[in-house]
A.B. asks: 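To start, I am sharing the structure in question, which I have written as structure tokens.
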Amino acid sequence: MRRKVVLAIVFIFLSLPLFSAETFIVENYHVDVVVSDDSSSTFNEFLDLRFITPSHGIIRDIQYRFNPYPFINLTAEISNIKTNVETVLSYNGDYLSLRLGNPDEYVFGPVNYHIMYDYLLEDDGNREYDEWYVNLLSPAWDTDVNTFSFSVTFPHEVDPDRIFMTYGEYGSTSSLDFDISSDRRTVSGVIYGLGPYSGVTLRAEFDEGYFSSKVLKNDYGNLFNILYVLLAVLVLAFIYYSYFRLGRDKEIIAPVQFNPPEGLSSLDVGYIVDNTVTFDKDVLSMLFYFADKGYMKIEERGKDDFEFIKLRDIEKERPSYERKLFSLLFSTSDKVDMKDLAKGNFCQNVSERIIPEVERYYEKNHPLYEMRSVRRSSLIRAIGIGAVILFSVFASISNMGELTLFILFPSLIAFAVLAMIGHRYFANSSIKNSIIILQIIFIAALMIILFGVSAYLLSASSRNLILAIVLSLLHTAVVFSSSFFSFAVNKRSDYADEMLSLILGYKEFLETVEMDQLRRLIDEDPGFYYHNLSYAVALNLEEEYSKKFKALNFSSPSWYTGTDYLGSYLIWHAFSTRWRRGYERQRNIIAPPPVNGHRGGSGTHSGFSGFSGGGFSGGGGRSW
């Protein structure tokens, strides 16, 4: 019988570790804290442990780095560390680890530890009230704590209604009773039977200035905010001054024109209108331009297939890019089809050789914008990028958060997207109203998103909603104005104004000409339709233009051979579709871009009682 009792006791003793992840149980844990007028605290921890498995000792982890609010990092200074046993210090992530014990010895049964240290958490930047929010017992202890007691002495009187004690697992808001001394400076209490991962947290809230000797952080925070406000105002003033001083274009008066501007090819017309050379409009239009001028013929060879036949060379008086484009078209033979052009890398050659030459020609001979305004526009974008970077840096410095990357990346992305839209919007003199409406909706949505992201990050870090809104509005305005609106500063040259007046008047004629007038024009000039076809393509009017002539009977030109006359919408659609489809693969591989021109209690101020594990300090302990 005696043997069975002994075996049962041994079994129970050996089984105890199975019910706990740790090799010890905390019999008594007392924490004594003295808080100074500078908000630093001196901790005295007394631990009575019972080791149920031989170990070298314990490792006491004290947290010194925190992320209490989104994008806010705070650091604590831990100093004057003293213990009653051999101790080795090391840093592990956000924790300072104290390894208590001798690596050459084991402890078993009752063991007492005494740990003392000073703890100073940096200022959190909150100017509404002071607080002391500390985990007296961290919920990171993976063992039972049979008895936990505490005593916290503050430098001045405290209001019991603004003292909050919570206990339990992390996140618990279960309140814990406490006692307060007669001088209303010391808060104390005791709790029994805490299980693993149970903590005890004290949060005390005071009027701002309670810690009169506290060293404040971010004394320059308001200064940085003021500096950015001034910077943003100056940048915006500079941008809009530049626009009114240099960038306002003259109003274009476009009387109706029956013919394109003299001396301009369809590629010229397309480039002047939108400051861009594109394959599916401008280069395509030149096929009909060359044919109509008698340089080549076009033959339909079957369904969606065409052959181009060279008839003669282009005159030397024509611009070099026209002559080079024509030479590239027939670089392999005087007769080429779509497959031949693809084999000869026509798309790549045009992208690398012709399109840049168009831009150089106009910059040198007929600039479309005044160079002073172009330089000012580029300067504005450079200043805008600098302002975006400074805003991100100032936000980080003044609001203690790691906001630089979180605000910088969305801002730069928005800047790049708006700059691309702005270039196309202000460079294109014939953009459709439906496209304008879509662009306005997209830009508005992008601005709202950028403002929302900035306001959220700033309010989360500074906890000042009004400040966050003001700074975010200015930041959004700077991004929009220095990217999208910067292209409005590009002022058209006198040459561009003159040509646009003629081109837009001609475009209006192609769009609004009546059938009776068309019949008279065709009677006077049977080739009228074909003389204007290339320009209609360059002005993105080819489908409307072809449909307008559908009811009129006229034959195909001498330079076109096919099953139907070229004025047929079906033939035109087949031709243009074949052209685009024939080069889709090359464009996907080569991706020739359009050539862009320059264009607890009651009475608390915060109403927050805290929760178990939500405070600072704390940490935990484990055996080794």
Side-chain angles (χ1 to χ4, degrees), residues 243-278 281-282 285-286 288-289 292-293 318-319 321-322 358-374 376-377 422-436 439 485 487-514 517-518 521 524-525 528-529 531-542 544-545 548 594-599:
Y243 169 71
F244 286 106
R245 182 72 175 82
L246 301 175
R248 286 190 295 178
D249 292 320
K250 299 177 182 177
E251 182 181 359
I252 295 179
I253 301 175
V256 175
Q257 304 289 324
F258 296 157
N259 297 293
E262 185 176 355
L264 295 186
S265 68
S266 58
L267 187 149
D268 293 318
V269 168
Y271 182 74
I272 292 173
V273 165
D274 59 16
N275 204 199
T276 301
V277 176
T278 60
K281 297 298 179 187
D282 302 324
S285 73
M286 290 300 288
F288 303 110
Y289 178 82
D292 186 62
K293 295 297 182 181
R318 297 303 300 168
Y321 53 84
E322 286 186 23
V358 174
E359 185 181 28
R360 289 194 298 268
Y361 172 85
Y362 274 93
E363 287 181 351
K364 181 179 179 180
N365 299 287
H366 301 293
L368 301 182
Y369 300 99
E370 295 184 357
M371 291 309 299
R372 183 184 178 189
S373 68
V374 171
R376 181 65 61 87
S377 177
H423 171 264
R424 300 300 308 125
Y425 178 83
F426 289 105
N428 195 336
S429 301
S430 62
I431 189 170
K432 294 181 179 180
N433 291 333
S434 58
I435 301 299
I436 294 177
Q439 289 180 339
F485 194 73
F487 290 95
V489 178
N490 287 343
K491 184 177 181 179
R492 291 192 303 267
S493 64
D494 292 339
Y495 173 82
D497 284 337
E498 179 184 357
M499 292 298 103
L500 279 175
S501 175
L502 298 175
I503 292 171
L504 294 181
Y506 173 62
K507 181 174 183 285
E508 183 179 356
F509 164 71
L510 295 179
E511 290 177 314
T512 61
V513 61
E514 299 292 339
Q517 189 176 13
L518 282 178
L521 291 171
E524 297 172 2
D525 180 7
F528 177 83
Y529 172 83
H531 298 333
N532 294 278
L533 177 58
S534 62
Y535 296 95
V537 173
L539 293 172
N540 200 24
L541 298 175
E542 65 273 14
E544 296 91 331
Y545 186 70
K548 193 180 290 288
V595 175
N596 295 332
H598 297 290
R599 225 55 184 168

A.B. asks: Going by an N to O cut-off under 4.0 Å, is there a salt bridge joining K250 and D497?
C.D. replies: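 No, K250 and D497 are not salt-bridged.
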A.B. asks: Search all heavy atoms of Q257 against all heavy atoms of F509 and return the closest pair with its distance.
C.D. replies: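 It is O-CB, 3.2 Å.
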A.B. asks: Output the distance between atom CG (D268) and atom NE2 (H366), rounded to the nearest 0.5 Å.
C.D. replies: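 NE2 of H366 is found 8.5 Å from CG of D268.
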A.B. asks: Answer yes or no: is there a side-chain heavy-atom contact under 4.5 Å between I272 and Y495?
C.D. replies: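 Heavy-atom side-chain distance check passes, below 4.5 Å.
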A.B. asks: Short question: side chain of S501, backbone of I252 - any donor-acceptor pair under 3.5 Å?
C.D. replies: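 No: the side chain of S501 does not pair with the backbone of I252.
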A.B. asks: Once you round to the nearest 0.5 Å, how far does CG of L533 lie from OH of Y289?
C.D. replies: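 Those atoms lie 13.5 Å apart.
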A.B. asks: I need the minimum non-hydrogen distance between N365 and P367, along with the two atoms involved.
C.D. replies: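 Smallest interatomic distance, heavy atoms only, reads C-CD, 3.7 Å.
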A.B. asks: Working to the nearest 0.5 angstrom, can you tell me the gap between M286 CE and Y321 OH?
C.D. replies: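 Going from the CE atom of M286 to the OH atom of Y321 covers 8.0 Å.
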A.B. asks: Compare every heavy atom of P260 with every heavy atom of N532, then report the nearest pair and how far apart it is.
C.D. replies: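 Smallest interatomic distance, heavy atoms only, reads OD1-CD, 4.0 Å.
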A.B. asks: How about Y362 and N275: does a side-chain donor come under 3.5 Å of a side-chain acceptor?
C.D. replies: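 Per modelled atom types, Y362 and N275 side chains form no pair under 3.5 Å.
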A.B. asks: With a cut-off of 6.0 Å (strictly less than), are more than 12 heavy atoms of other residues, nucleotides or ligands near CZ of R372?
C.D. replies: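 Check fails, neighbour count at 12 or below.
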A.B. asks: Walk me through it: do Y271 and L368 pass the test side-chain contact (heavy atoms from CB on, under 4.5 Å)?
C.D. replies: CA-CA 10 Å; Y271 182 74; L368 301 182; 3.7 Å; yes
A.B. asks: Rounded to the nearest 0.5 Å, what's the gap from CG on L541 to NZ on K507? Could you check?
C.D. replies: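 Here the rounded value is 5.0 Å.
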A.B. asks: Would you compute the distance between atom CZ of R492 and atom CD of E498 and round it to the nearest 0.5 angstrom?
C.D. replies: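 It is 13.0 Å, given to the nearest 0.5 Å.
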A.B. asks: Give the C-alpha distance, both sets of side-chain angles, the deciding distance and a yes or no for side-chain contact (heavy atoms from CB on, under 4.5 Å) between Y369 and K491.
C.D. replies: CA-CA 5 Å; Y369 300 99; K491 184 177 181 179; 6.0 Å; no
A.B. asks: Working note: L264 + M499, criterion side-chain contact (heavy atoms from CB on, under 4.5 Å); need CA distance, chi angles, decisive distance, verdict.
C.D. replies: CA-CA 9 Å; L264 295 186; M499 292 298 103; 3.7 Å; yes
A.B. asks: Between OG of S266 and CG of D292, what distance do you get to the nearest 0.5 Å?
C.D. replies: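 S266 atom OG to D292 atom CG measures 10.0 Å (nearest 0.5 Å).
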A.B. asks: Would you check if there is a donor-acceptor pair between the side chains of D282 and S285 at a distance under 3.5 Å?
C.D. replies: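 There is no such pair (donor and acceptor under 3.5 Å, judged by atom type) between the side chains of S285 and D282.
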A.B. asks: What heavy-atom pair brings L521 and F528 nearest, and what distance separates the two atoms?
C.D. replies: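 Closest approach of L521 to F528: CD1-CZ, 3.7 Å.
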A.B. asks: Is a side-chain donor or acceptor of S373 paired with a backbone partner of M371 at a separation under 3.5 angstrom?
C.D. replies: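 It does not hold such a pair.
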A.B. asks: Within a strict 4.5 Å, meaning less than it, do heavy atoms of the F258 and Q517 side chains meet?
C.D. replies: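 SC-SC contact between F258 and Q517 confirmed.
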A.B. asks: Between Y506 and N259, what is the shortest heavy-atom contact and its length?
C.D. replies: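 Taking Y506 first and N259 second, the nearest heavy atoms are CD1-C, 3.4 Å.
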A.B. asks: Before giving the answer on side-chain contact (heavy atoms from CB on, under 4.5 Å), spell out for I503 and L539 the whole-Å C-alpha distance, their side-chain angles and the decisive distance to 0.1 Å.
C.D. replies: CA-CA 9 Å; I503 292 171; L539 293 172; 4.1 Å; yes
A.B. asks: Report yes if the side chains of S265 and R318 come closer than 4.5 Å at any heavy-atom pair, otherwise no.
C.D. replies: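 In contact.
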